[in-house]
Amino acid sequence: MRAGRLAAYAGLFVLGAVVGVAGALVQGGFFPAGLLLALLGAAGLFYGGSRATGTRAGAVAPAAGWLVAVMLLTATRPEGDFLFGAGYGSYGFLLGGMAVAVMCATLGQGPQPSGPAARLGN
């Protein structure tokens with residue numbers, strides 16, 4: 001792997017963490033529309049990372065950053081503070097974001113390059 005590709009994956013990881021934090025704040029603040037906005041933002045980042053790098057790892061890197069940020073935000077602190085409450089919006093964001101990450105990471109990379117049609121044995 002080249003240094004540029006590693007830097008791109010690291011940047012996508014950090015961007016995934018930022019989108020995870022922003023989505024966690026937005027989904028709770030504006031419940032129905034905020035949840036949809038947070039999931040669309042995550043989906044755009046995951047799919048865009050995959051298309052920009054041309055690999056499935058381009059979707060996995062921001063998804064990993066998103067997952068790390070969201071899991072750190074779900075942990076309670078010793079004082080009892082937490083960001084996610086038990087509700088439909090929080091569970092929808094957690095499960096929906098994971099589902100979107102899996103879908104974007106497993107999508108095909110598009111059609112294969114076209115070339116001359118050749119058949120073996122002719």
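As a basis for the values below, the full set of heavy atoms in this structure was taken, side chains included, without hydrogen atoms, waters or symmetry mates.
Of all the heavy atoms in A69 and A17, the pair that sits closest is CB-O, 3.6 Å. For the residue pair A38 and F93, the shortest heavy atom distance occurs at CB-CE1, 3.6 Å. Nearest heavy-atom pair across L73 and G20 is CD1-O, 4.5 Å. Scanning both residues, A43 and C104, for their nearest heavy atoms gives O-SG, 3.9 Å. The two residues W66 and A42 make their nearest non-hydrogen contact at NE1-CB, 4.3 Å.
For V18, there are no side-chain contact (heavy atoms from CB on, under 4.5 Å) partners two or more places apart in sequence or in a different chain. Not counting sequence neighbours, the partners of L67 by the side-chain contact (heavy atoms from CB on, under 4.5 Å) test are M71, M98. Under the rule for a side-chain contact (heavy atoms from CB on, under 4.5 Å), the partners of A57 that lie at least two apart in sequence or sit in another chain are Y9, T55.
L40 and F46 fall into different hydrophobic clusters, defined by Ile, Leu, Val, Met, Phe, Trp and Tyr side-chain heavy atoms under 4.5 Å apart, directly or through other members. Two different hydrophobic clusters hold V19 and V60 under the rule that ILVMFWY side chains link at heavy-atom gaps under 4.5 Å. The cluster map of Ile, Leu, Val, Met, Phe, Trp and Tyr, joined by side-chain heavy atoms under 4.5 Å apart, puts L94 and L36 in different clusters.
When hydrophobic residues (I, L, V, M, F, W, Y) are linked wherever their side-chain heavy atoms come within less than 4.5 Å, V102 remains an isolated member. Counting Ile, Leu, Val, Met, Phe, Trp and Tyr side chains that sit under 4.5 Å apart, directly or through other members, L95 stands alone, with no cluster partners. Counting Ile, Leu, Val, Met, Phe, Trp and Tyr side chains that sit under 4.5 Å apart, directly or through other members, L72 shares a hydrophobic cluster with F13, V68.
The shortest side-chain heavy-atom distance between L12 and L45 falls under the 4.5 Å cut-off.
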